[in-house]
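See below for the structure under consideration.
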Amino acid sequence: MAPDPTSAGLDGIVAAETAISNVDGMAGQLILRGIPLDRVAESLRFEDVVALLWRGLDDALSDGDTVRAELGSARSHAFDRLAPLLPAAAGLAPVEGLRLLLSALSDEEAVPHHLLAVAAMPVAVTALGRAAEGRKPLPPDATAGHAADFLQMLTGEPPGDDAVSALDTYLATVADHGLNASTFAARVIASTRAGVFSSVVGALCALKGPLHGGAPGPVLDMLDEIGDPAAIDGWLAARLASGERLMGFGHRVYQVRDPRADVLKAAVRRLSGGRLAFAEQVEARALAALARHKTKRSLQTNVEFYTALLLDAIGLPRTLFTPVFAIGRVAGWTAHILEQEKTGRIIRPRSRYIGPVPDLAA
Ligand code: ACO
């Protein structure tokens with residue numbers, strides 16, 4: 001069926017050309033520059049994925065080892081810039097504090113802006129996470145990998161290999177995903193030539209909503225509220241009957257299972273402890289309930305369901321789930337910003353006016 005050009009959600013509208021990633025919603029496939037997600041997650045570190053996404057956009061940062069080294073020193077630069085600003089974020093939720101801190105980065109920064117945007121994320125998120133518990137920020141280790149340094153800056157302890165590997169898989173898995181809402185927001189802002197930091201801040205604002213990157217915290221809330229296998233069906237039926245959405249299910253593009261869910265589920269399985277068995281029961285019952293309640297639409301598990309389980313299993317508080325999503329997704333945002341800047345054309349769609357018209361005869 002041809003897309004409705006006036007659809008409120010822009011379903012099916014092609015708004016940009018990109019060589020960065022593609023989401024095939026019918027086949028349930030995500031590719032990053034031609035490489036399928038399962039191969040990305042199996043064999044690439046987050047830094048390799050960043051280099052892959054920036055390929056052809058920044059020739060100086062075209063391999064993972066160079067990105068790892070440059071990100072390390074850019075994290076140190078970010079710490080010097082952002083740590084003094086922390087008191088301004090006191091009392092804000094971490095995702096709001098992150099919005100505030102990123103806004104302080106200047107268009108005059110001496111470090112390449114896309115590099116600094118990626119580097120600043122774990123520095124800001126860990127400082128905000130520690131501040132929420134009354135603790136001082138810890139400086140980065142410029143020689144560490146991005147995922148390991150995030151965990152070290154957050155806890156002050158050397159992280160375990162399993163946690164580093166799971167977080168690295170997570171960051172690589174969510175690094176880019178076609179023209180999702182936050183990436184589109186970034187491209188719109190970049191198209192006005194407002195610069196990388198403004199575009200990234202706008203993207204974060206879009207990510208924060210519960211229909212996009214704000215979903216994983218509520219996924220855990222749902223598991224907590226259900227609490228017991230015997231309560232699953234009743235809880236789900238009550239929510240659906242009252243018109244509520246089940247967080248972690250449904251997707252605009254995927255008509256089949258989101259491939260990222262399986263990559264993350266496998267990563268959760270490799271971690272000990274956690275609540276995977278109960279979550280799998282809730283998932284199965286939720287899919288059955290959605291199939292009964294929403295017969296016109298295939299609603300499947302999306303990335304956020306297993307994001308919640310993975311980030312919980314490595315010990316992160318749920319207030320950091322959306323900020324940690326931004327640590328991964330900023331890789332894609334910056335690639336799309338650089339690609340959009342190359343096109344040089346402002347994104348400026350039209351609306352169909354349905355308001356009153358002046359009475360010219362009066
Ligand atoms: N639970 C219950 N019903 C749902 C869900 C859900 N999770 N998702 C969609 N529906 C229903 C809607 O209520 C609507 O029903 P109706 O036709 O009876 O009114 C129908 O499915 C179509 O809904 P739309 O809003 O048109 O679907 P859209 O493609 O625009 O939404 C979205 C996609 C926002 C992801 C949606 O599925 C949703 O809200 N899911 C829950 C939040 C979530 O998990 N977000 C994370 C997405 S992944 C990411 O952004 C990283």
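Atoms within each ligand, like the ligands themselves, are counted from 1 in listed order. Keep in mind it's a predicted model, so treat the numbers as computed, not measured.
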**Steps toward side chain to side chain contact (heavy atoms under 4.5 Å, CB included) verdict (Phe325, Leu311)** = CA-CA 10 Å; Phe325 190 172; Leu311 298 183; over 6 Å; no
**Message:** Checking Gln340 against Thr343 for the side chain to side chain donor-acceptor pair (under 3.5 Å) test, could you report, in this order, the C-alpha distance in whole Å, the side-chain angles of both residues, the deciding distance, and whether it holds?
**Reply:** CA-CA 5 Å; Gln340 181 64 42; Thr343 76; 3.2 Å; yes
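Numbered from 1 in the order shown, with element, the atoms of ligand 1 that lie under 4.0 Å from a heavy atom of Phe325 read 51 (C). Close approach of ligand 1 to Ala215 is summarised as follows: ligand atoms under 4.0 Å from at least one heavy atom of the residue are 43 (C), 44 (O), 45 (N), 46 (C). Below 4.0 Å from some heavy atom of Pro210 lie the following atoms of ligand 1, by number and element: 42 (C), 45 (N). Close contacts between ligand 1 and Gly248 involve ligand atoms 43 (C), 44 (O) [criterion: under 4.0 Å to a heavy atom].
Counted by atom type alone, Trp333 and Ser199 present zero donor-acceptor pairs between their side chains at under 3.5 Å. Between the side chains of Arg45 and His146, not a single donor N or O lies within less than 3.5 Å of an accepting N or O.
Between Arg297 and ligand 1, at least one N/O pair is under 3.5 Å apart. Between Val303 and ligand 1, not a single N/O pair is under 3.5 Å apart.
In plain terms, the two heavy atoms of Ala185 and Ala206 that are nearest each other are CB-CB, 4.1 Å. Closest heavy-atom contact between Gly202 and Ile189: CA-CD1, 3.6 Å. Nearest heavy-atom pair, Ile31 versus Pro36, reported as atom, atom and distance to 0.1 Å: CG2-CA, 3.8 Å.
Of the options Arg275, Arg285, Arg269, a salt bridge (charged side-chain N to carboxylate O under 4.0 Å, His left out) to Glu280 is made by Arg269 and by none of the others.
With a heavy-atom cut-off of 4.0 Å, Leu290 touches ligand 1 through its side chain alone.
Counting heavy atoms only, Leu246 comes closest to atom 1 (N) of ligand 1 of the residues Asp258, Leu246, Leu10, Leu240. Across Leu299, Asn302, Leu211, Asn180, heavy-atom proximity to atom 8 (N) of ligand 1 is greatest for Leu299. With distances taken over non-hydrogen atoms, the option nearest atom 25 (O) of ligand 1 out of Arg252, Lys294, Arg245 is Arg245.
Residue, atom and distance of the protein heavy atom nearest to atom 42 (C) of ligand 1 are Met247 SD, 3.6 Å. Closest protein heavy atom to atom 35 (C) of ligand 1: Gly250 O, 3.6 Å. The closest protein non-hydrogen atom to atom 40 (N) of ligand 1 is Phe249 O, 2.9 Å. Given atom 50 (O) of ligand 1, the protein heavy atom at minimum distance is His212 ND1, 2.8 Å.
Within a 4.0 Å radius of atom 17 (O) of ligand 1, the protein contributes no heavy atom.
Taking a cutoff of 4.0 Å between a charged side-chain nitrogen and a carboxylate oxygen, Arg252 and Asp11 qualify as a salt bridge. Taking a cutoff of 4.0 Å between a charged side-chain nitrogen and a carboxylate oxygen, Glu304 and Arg245 do not qualify as a salt bridge.
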